[in-house]
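Atoms considered below: every heavy atom in the structure, side chains included; atoms not considered: hydrogens, waters and symmetry mates.
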Amino acid sequence: MQSRLLENLNPEQLAAVTLPRESAMILAGAGSGKTRVLTTRIAWLIETRQVNPLGLLAVTFTNKAAREMLTRISAMLPINTRGMWVGTFHGLANRMLRAHHRDAGLPQTFQIMDTADQVAMVKRMMKANGIDEERFKPRDTAWFISAQKDAGLRPGSVEAFDDHTRQLVEIYAMYEAQCQREGVTDFAELILRSYELLARNEAIREHYRARFAHILVDEFQDTNRLQFDWLKLIAGAQNAVFAVGDDDQSVYSFRGAKVANMRDFEREFNAGTIIKLEQNYRSHGNILEAANVLIGHNQQRLGKNLWTSESQGEPIRLFEAQTDFEEAQFIVEQVRDLKATGVPLVEVALLYRSNAQSRVLEHALFSAGLPYRVYGGLRFFERQEIKHALAYLRLVANPDDDAALLRVINFPTRGIGARSIEQLQDAARAGGTSLWQAACSRGGSRGGSPDAPRKGVEGFVLLIDRLRNECAGITLPEMIEAVIERSGLRTHYETEREGADRIANLDELVNAAAQFSDDPMRMLEMEADADSFASQGPTALAAARQAGATLDPHAAEAEADAAMLAAGFEDMPGLPPGDASADIAATAGTALAPAEPADQLLIQFLSHASLEAGDNQANAGDDALQLMTVHAAKGLEFHTVFASGLEEGLFPHENSLNDAGGVEEERRLMYVAVTRARRRLYLTFAQSRMLHGQTRYNVASRFLRETPVKLLKRLSPTYERGGGSTSFDRPRTPSSYAPVQVQQAPKIEAAGMPFRIGQNVRHAKFGGGVIIDAEGRGSDARVQVNFGREGVKWLALAYAKLDPA
DNA sequence: ATTAGTGGTGTTTTT
DNA sequence: CACCACTAAT
């Protein structure tokens, strides 16, 4: 069948899209149409009846990518994508664990902690066991635990060769036991549990293997060890894994991603084919060449060179500012010009290495009255008022959730202080129960303890009990409404002076829940999953069909979709053999049934809140400048990109210089930044920058020097400084770029000192450097100079021959 | 129980 | 600088 889907694909893309059913690796460079290939392949497989829509599994890393994929599939095929297993590793693992919670050893209502909850839990464990928080920082310990899980290791399997590690493992074990008691998981746990479930339960494993004939993985270079193994397990020997990735864009090794997985893939998945997509459809020639040269400095590469049929386009604009403030001013000016020439601000991105850098930029933009949007701050579901409301909901769903209980037992305050909580914790530990159970028995028959602490706890227990009763039989938005009112959250924030935003957010939460409830896909997903496995028949399809007809507000459309889904797919992989139409009577409702639908919805909503933290700012539709970290920009593209703060120590970040491969990863990150631009690219840096409350003097990033001069156009400040070259112009001895150590604020010094702090100088032996401090005067005058790789040195001006650079 | 004030500490990137 | 944990005072 010659499909319209295949039109306008280049030969490599076409080859990738139409590969036979076998494992393959697609090395897809930036802007080479990776997502298009992935989605077109899915559409092609379905359209040509090689697979049922339910017979494929597509995995991404971000929710955004998953949504994008679903949207594009919907646009290509006249099917509804509901019920399809397209999502993030975490989302799909969660889905699997919900469907098989008993086999996975989890309560049906298990909750997912975010990173903050996780750290708090570790901290509690350490406190309870008298572990020194100085020697074992809760944050680091939580990090350690996640890293072990990402490597697929339970406490028993971690090799510990020193006392410190042994202690960490011990905490890990306690943490794990506590999670189990409370019925909570963390991000890594989702995947590890899912992996173990598949590994141990043959029936379940075979079920999924029989179902997912085609497995497609996006951003394969970001997979960690556990995800790699998870894929291997679910693929088995039969199924085809279509992996798309770009080793040059691997920027998540700090959280366990292994680029080596791309190499190993070929061997461990018996990949027959490797296809390289090297034609770039995004950027003009100069930008692409800069990117190619830059990434060429990396040794560890699979090898790939992007090309474009586009013209060279504009030169890359380089701007050196004296201060971060000046850098921001420059960007403001340029953005104004761009806006005046008609470039929409949403098409302009302002990128930086670390979040802390956004502050100055925001300030300048705000003063200039330019609209902007910052990505990556505090997100919706991470706001404290939202977390409080969710904690109440979690207690309604599962009162044994200690973390939730601790969060709100005294918020709003109801007279339960540290002392009362301690008593509860003692009682819980003694009885081996949850805090909730301890609280209940305390308020109950045993009246041993004095009244004072009891009263508050009793009131709290009453409140939660009442809430739970009230929540039975009402809709999800109503539940949240009830929680906000009954708990006193609304009243509390009404009396707080800065509470208006908080109230608005709480109302927004009710909104979000309403939207979530109205989304029929959620319900269908869940029911289809439970059903398809429970009856070992093709009832997923029946359920989808049945529920689609009854729940979807656009019933006619849904019917058409269901018919489309059903037509001709009976013999395709994706469903265990059987007759789809025969089993329609097994409806979603009857098959699932163990809990109230509204409860199910609540559980789903809470998962949703954990897995998808939500966008951070409301006004998404406006035409605003886009501010984000380079990490956050991965996968996006813009007409114009500003890559700012290109300084040694910042980008590459000083922390990366110690660990092996650190600089190469930073360079890949720079590569990502550069390849986001379609038409225009600005590279900016500042000689001095306010960071952590101190002024630091930096030299230009090595990545700037790795950019060919012929591609660059230098822009000067409007008020040109008197002559003199700058840190960028220093001779290109590769040894002279190293992180800058800590600096002190400039001492405004003395006449007679021929040098200023922040000035660039040359030394015959040490090369170029920046003056970072000075003291004394006249013949005693000394300056401290940062020579990059050569180190930071104090030099007496009377002896050392320093020239202005 | 809550508040204000102090001091110490860190701070890359995030599903 | 900004966030915390802890202390002292109300």
(message) Suppose we call two aromatic rings close when their centres sit under 6.0 Å apart. Are A/His297 and A/Phe703 close by that rule?
(response) no

(message) So that I know where these two stand, are A/His363 and A/Phe325 an aromatic pair - ring centroids less than 6.0 Å apart?
(response) no

(request) Output yes when a side-chain donor or acceptor of A/Glu666 lies under 3.5 Å from a complementary backbone atom of A/His653, and no otherwise. (result) yes

(message) Measuring only the C1' atom in each nucleotide, how far is B/dT12 from C/dA5? A whole number of Å is fine.
(response) 25 Å

(message) Could you check whether A/Arg255 makes a cation-pi contact with A/Tyr252, meaning its NZ or CZ is under 6.0 Å from the centre of the six-membered ring and within 45° of the ring axis?
(response) yes

(request) Using the heavy-atom set of chain A and a strict 4.0 Å cut-off, write down the first and last nucleotide of DNA chain C that makes it in, 5' to 3'. (result) C/dC1 to C/dA5

(message) Is the ring pair A/Tyr392/A/Phe460 parallel, tilted or perpendicular, if the boundaries are 30 and 60 degrees?
(response) tilted

(message) Once you apply a heavy-atom cut-off of 4.0 Å, does A/Lys634 come out as touching a base, just sugar-phosphate, or nothing?
(response) nothing

(request) Would you mind building the protein contact string for nucleotides 8-15 of chain B? One character per nucleotide, 5' to 3', B for base within reach (heavy atoms under 4.0 Å), S for sugar-phosphate only, - for untouched. (result) --SBBBBB

(request) Report yes or no: is the cationic atom of A/Arg98 (NZ for Lys, CZ for Arg) under 6.0 Å from the centre of the six-membered ring of A/Phe110, at an angle within 45° of the ring normal? (result) yes

(request) Using the six-membered ring wherever Trp is involved, compare the ring planes of A/Trp85 and A/Tyr208 and label them parallel, tilted or perpendicular (cut-offs 30° and 60°). (result) tilted

(message) Is the ring pair A/His608/A/Phe516 parallel, tilted or perpendicular, if the boundaries are 30 and 60 degrees?
(response) tilted

